[in-house]
Amino acid sequence: MEKAPLGMEGGDELHVLTVSDSVCNSALWKVYRNKVLSMSDSIDVWYNSPASSLLQDPVSKAVIGVEVDRNGDVVNVRAKNGVVMTMGGFENNPQMVDDFLGLTKSSPAGTLFNTGDWVNPKRPRRTYMVHDQAQVDAIAGYHGIPEEFQDQVVSADTLAGLEQALGMPEGKLQQTVADFNRMAEEGYGPAFYRAADTMKPFGDGPFCAIEMIQAFLNTQGGPRRSARAEVMGTDGDPIPTLYSAGEFGGMTPYQYNGGDNMAECLIFGQLAGVNAAAEKDPLPVLPLGVESNLVYTPGSGSHMVDPDPKQTVTLGENEYLGTSTLCMGNELALKVKIEGGKITAIDVVQQQETAGVGSKAIDALPAKIIEAQSTDAIAGATVTSGAIKDAVQKVLDQVK
């Protein structure tokens with residue numbers, strides 16, 4: 001458990017609880033997923049089934065169902081007591097990032113299927129971190145700029161030269177540095193109200209710059225919700241039988257609060273579930289011309305269980321199966337071929353890793369392991385990299 005000061009009105013501390021010794025490894029997600037799997041006789045989970053619209057009674061305004069696009073077929077799901085909306089953000093929707101964030105250049109890194117609403121102040125298209133030689137030395141003495149970013153560092157002996165190298169208007173950077181030096185000497189920064197001890201005037205060159213792209217983990221927002229997790233209408237009253245949880249209507253749309261975000265998902269998920277499931281007067285009938293075309297049998301429609309690779313993967317001569325749960329998805333499986341005591345092939349046969357993140361390791365790491373004939377000296381920064389090495393090492397241990 002980690003305890004730290006909480007910079008929010010009404011709170012003194014922030015307690016962060018983790019379920020593993022590491023972070024960003026989907027350990028908590030796997031706990032939740034396995035819990036849902038254990039209740040598959042009463043909980044259905046549909047993939048490839050986005051909700052396209054809500055069905056609302058025109059008189060009472062109660063939400064009485066959901067229209068779902070399930071694998072290309074329209075399915076109307078009739079609500080018994082309520083509907084809960086638990087969508088995430090929209091980090092991976094480029095059009096919505098452009099439309100809603102107001103950021104001219106950014107790098108979102110949230111979950112794959114998030115869509116939602118959030119507004120952020122606009123920022124300059126190009127932003128740089130600029131420092132003098134003293135700061136370069138300080139950075140090198142701390143941990144240095146990672147090798148993979150070294151080619152992004154632009155340097156020059158003078159600020160005028162750095163302006164030219166960056167394609168800035170003549171005198172723009174020099175004036176910015178002069179203004180900053182004055183604020184540092186006076187110990188007062190009206191632009192960002194920085195503490196005096198965090199501002200140090202620029203010294204001698206050479207000077208360096210590296211472009212800073214705005215990065216954020218997740219986006220959240222949407223309609224307001226009540227303490228009962230009810231979705232509030234534009235008139236300030238709850239929309240009958242409609243509830244929300246998660247980043248959709250989250251309490252902290254303008255800041256990321258570590259474990260608080262997950263705690264809110266849990267708390268309002270429970271509130272929304274309990275209040276939506278509570279017995280109510282019978283909901284109004286479906287609108288004229290709309291019928292529920294789903295015969296519901298609890299536990300009949302879940303598709304969360306991954307196939308067991310031991311049962312589905314066919315192994316040829318000198319081929320071995322390696323699996324790992326150290327990945328972001330539920331389980332990663334690969335087929336390793338060993339001939340003459342050497343690894344000759346590695347094929348990933350099951351994975352649920354994020355495209356563009358974990359998929360990079362899947363595409364590149366097997367060849368590196370084959371070339372090195374070992375997992376020890378292979379560098380990999382992602383969780384997926386660790387899972388691939390873990391699965392291969394299990395095979396190597398098996399054939400020793």
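By the criterion of side-chain heavy atoms lying less than 4.5 angstrom apart, applied directly or through intervening Ile, Leu, Val, Met, Phe, Trp or Tyr residues, I210 is not grouped with L159; the two fall into different hydrophobic clusters. One hydrophobic cluster, built from ILVMFWY side chains closer than 4.5 Å, holds both L28 and L266. Both W46 and V83 sit in one connected hydrophobic cluster of ILVMFWY residues. Membership requires side-chain heavy atoms under 4.5 Å apart, directly or through other members. Taking hydrophobic clusters as Ile, Leu, Val, Met, Phe, Trp and Tyr residues chained together by side-chain heavy-atom distances below 4.5 Å, L166 shares a cluster with F180. One hydrophobic cluster, built from ILVMFWY side chains closer than 4.5 Å, holds both I369 and V395.
For the pair R225 and Y243, the cation-pi test (distance below 6.0 Å, angle within 45°) is failed.
By the 4.5 Å heavy-atom criterion applied to side chains, I343 and V336 are counted as neighbours. When side chains are defined from C-beta on, D308 counts as touching K310, because their heavy atoms get closer than 4.5 Å. You'll find the side chain of E211 stays beyond 4.5 Å of the side chain of T127, heavy atoms only. You'll find the side chain of I370 reaches within 4.5 Å of the side chain of Q373, heavy atoms only. Put simply, the side chain of L37 does not reach to within 4.5 Å of the side chain of V45, judged on heavy atoms. Residues I346 and K335 are not in side-chain contact: their nearest non-hydrogen atoms beyond the backbone lie 4.5 Å or more apart.
A donor-acceptor contact shorter than 3.5 Å links the side chain of E163 to the backbone of L173. With E319 contributing its side chain and G316 its backbone, the two residues share a donor-acceptor pair below 3.5 Å. For S324 (side chain) and D390 (main-chain N/O), no donor-acceptor pair under 3.5 Å exists by modelled atom type. Remark: the backbone N or O of L271 is paired with a side-chain donor or acceptor of N275 at under 3.5 angstrom.
Residues A79 and G82 share a closest heavy-atom pair of CB-O, 3.9 Å. Considering every non-hydrogen atom in both I388 and A361, the closest pair reads CD1-O, 3.7 Å. Heavy atoms only, all atoms of each residue included: S226 and F268 are closest at O-CE2, 3.5 Å. Nearest heavy-atom pair, I64 versus P284, reported as atom, atom and distance to 0.1 Å: CG2-CD, 3.7 Å. In terms of heavy atoms, L332 sits closest to L334 at CD2-CD2, 3.9 Å. When all heavy atoms are compared, the tightest approach of P309 to T323 is CG-CG2, 4.1 Å.
In this structure, D397 does not pair ionically with K394, as no charged nitrogen and carboxylate oxygen lie closer than 4.0 Å. Remark: D57 does not engage K61 in a salt bridge, criterion side-chain N to carboxylate O under 4.0 Å.
Heavy atoms of other residues, nucleotides or ligands lying less than 6.0 angstrom from NZ of K172 number 12 at most. The environment of CD in Q152 is crowded: more than 12 heavy-atom neighbours from other residues, nucleotides or ligands sit within 6.0 Å. Around CD of Q164, the count of heavy atoms belonging to other residues, nucleotides or ligands within 6.0 Å does not exceed 12. The local environment of CD in E170 is sparse, with at most 12 non-hydrogen atoms from other residues, nucleotides or ligands closer than 6.0 Å. Annotation: E148, atom CD; neighbour count of heavy atoms from other residues, nucleotides and ligands within 6.0 Å is above 12. The neighbour count for M39 CE, taken as heavy atoms of other residues, nucleotides or ligands under 6.0 Å away, does not exceed 12. For D281, the CG atom counts as loosely surrounded, since its 6.0 Å shell holds 12 or fewer non-hydrogen atoms of other residues, nucleotides or ligands.
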(message) Show, in sequence, the C-alpha distance, side-chain angles and deciding distance for N81 and L283, and conclude whether the side chain to side chain contact (heavy atoms under 4.5 Å, CB included) test is met.
(response) CA-CA 7 Å; N81 293 298; L283 296 183; 5.8 Å; no

(request) List the steps, then state whether salt bridge (charged side-chain N to carboxylate O under 4.0 Å, His left out) holds for D73 with R70. (result) CA-CA 5 Å; D73 295 327; R70 190 179 190 195; over 6 Å; no

(message) For T241 and V63: C-alpha separation, side-chain torsions, deciding distance, then whether side chain to side chain contact (heavy atoms under 4.5 Å, CB included) applies.
(response) CA-CA 6 Å; T241 64; V63 174; 3.9 Å; yes

(message) For a side chain to side chain contact (heavy atoms under 4.5 Å, CB included) check, start with the C-alpha distance between V348 and Q351, then their side-chain angles and the critical distance, and finish with the verdict.
(response) CA-CA 7 Å; V348 178; Q351 58 90 12; 3.8 Å; yes

(request) Applying side chain to side chain contact (heavy atoms under 4.5 Å, CB included), run through V74 and D69 and close with a yes or a no. (result) CA-CA 5 Å; V74 175; D69 179 0; 5.6 Å; no

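Partners of K337 by salt bridge (charged side-chain N to carboxylate O under 4.0 Å, His left out), not counting sequence neighbours, listed by chain and number: E339.
In this structure, M129 CE and H131 NE2 are separated by 5.0 Å, a value rounded to the nearest 0.5 Å. Within the model, atoms CG of D41 and CG of D44 stand 10.0 Å from one another, a figure rounded to the nearest 0.5 Å. Note: I239 CD1 to M85 CE = 9.0 Å, rounded to the nearest 0.5 Å. Rounding to the nearest 0.5 Å places CE of M168 at 7.0 Å from CG of L162. In this structure, CD on Q393 lies 6.0 Å from CG on D376, to the nearest 0.5 angstrom. For the atom pair CD (E331) and OG1 (T325), the distance works out to 7.0 Å, reported to the nearest 0.5 Å.
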Please list every donor-acceptor pair under 3.5 Å in which a side-chain atom of residues 184-208 meets a protein atom from a residue at least two apart or in another chain.
residue : atom : partner : partner atom : Å
R194    : NE   : T198    : OG1          : 3.3
R194    : NH2  : T198    : O            : 2.3
T198    : OG1  : A195    : O            : 2.7

